[in-house]
Amino acid sequence: MPALVSVNLQNVLNNLSVELNVNRNNIPVTAQVPIDVAASVCGVSVSALSASIASGTASCTATTTSAQLNQAVQQQIASGGDVTGGPQTMGSTPSN
């Protein structure tokens, strides 16, 4: 299972709203995404995020979007759950 990183989407909510054709209010402020996707949209290295995961604080702030981020956010919206609290995954079960 790929490591998941909590990505703050506040800076890219407008972009996601347009790209996904979804009302901005329906987009979560944070999303759990695979580490490579997080590194890409946050502009940080995978190794830096890996170190954060090891200490249990893997998170970053998105500065851009990507097709993979759009897909992850879309899946979280489609799941209809509380996207800021419960386990949000891309096809696997998290171990919290």
Side-chain angles (χ1 to χ4, degrees):
M1 171 183 140
L4 296 178
V5 175
S6 178
V7 175
N8 182 313
L9 303 173
Q10 281 182 290
N11 295 341
V12 296
L13 285 175
N14 288 335
N15 300 20
L16 288 167
S17 175
V18 170
E19 291 169 14
L20 298 174
N21 197 24
V22 171
N23 187 306
R24 186 189 150 122
N25 296 335
N26 295 337
I27 299 172
V29 176
T30 59
Q32 298 290 324
V33 302
I35 190 167
D36 56 329
V37 177
S40 166
V41 299
C42 294
V44 297
S45 68
V46 169
S47 58
L49 287 174
S50 294
S52 301
I53 288 174
S55 66
T57 57
S59 65
C60 64
T61 299
T63 56
T64 186
T65 61
S66 71
Q68 294 92 338
L69 179 67
N70 292 353
Q71 182 182 11
V73 171
Q74 202 162 27
Q75 286 179 344
Q76 291 187 28
I77 293 169
S79 72
D82 173 13
V83 286
T84 56
Q88 299 296 321
T89 64
M90 293 181 66
S92 57
T93 305
S95 54
N96 291 346

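The figures that follow rest on heavy atoms only: side chains count, while hydrogens, waters and symmetry mates do not.
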**OP:** State which residues pass side-chain contact (heavy atoms from CB on, under 4.5 Å) with Ser59; sequence neighbours excluded, sorted by chain then number.
**Re:** Ser6
Original post:
If you group Ile, Leu, Val, Met, Phe, Trp and Tyr by side-chain heavy-atom gaps below 4.5 Å, do Val5 and Val46 land in one group?
Top reply: yes
Subject >> Non-neighbouring partners of Asn23 that pass side-chain contact (heavy atoms from CB on, under 4.5 Å), sequence neighbours left out >> reply: Asn25, Asn26
Original post:
Looking only at heavy atoms, which two atoms of Pro28 and Leu13 are closest? And how far apart?
Top reply: O-CD2, 3.7 Å
**OP:** Search all heavy atoms of Val37 against all heavy atoms of Gln68 and return the closest pair with its distance.
**Re:** CG2-CB, 3.5 Å
**OP:** Indicate yes or no: at least one non-hydrogen side-chain atom of Leu69 is less than 4.5 angstrom from one of Leu9.
**Re:** yes
**OP:** Show your reasoning for whether side chain to side chain contact (heavy atoms under 4.5 Å, CB included) applies to Leu16 and Val22.
**Re:** CA-CA 8 Å; Leu16 288 167; Val22 171; over 6 Å; no
Original post:
Among side-chain atoms of Glu19 and Thr65, is any donor-acceptor pair under 3.5 angstrom?
Top reply: yes
**OP:** Please name the pair of heavy atoms, one in Ser45 and one in Ala39, separated by the smallest distance, quoted to 0.1 Å.
**Re:** C-CB, 4.1 Å
**OP:** Drop me the distance from Thr64's OG1 to Asn11's CG, to the nearest 0.5 angstrom.
**Re:** 11.0 Å
Subject >> Closest non-hydrogen atom pair between Ala38 and Cys60, with its separation >> reply: O-SG, 3.8 Å
**OP:** Look at the side chain of Gln74 and the backbone N and O of Leu20, then say whether any donor-acceptor pair between them is shorter than 3.5 Å.
**Re:** no
Subject >> Contact summary for Val7 and Val33, nearest pair of heavy atoms >> reply: CG2-CG2, 3.4 Å
Original post:
Which atom pair, heavy atoms only, marks the closest approach of Ser50 to Ile35?
Top reply: OG-CD1, 3.5 Å
Original post:
Taking the side chain as C-beta and beyond, is there a heavy-atom pair between Arg24 and Asn14 under 4.5 Å?
Top reply: yes
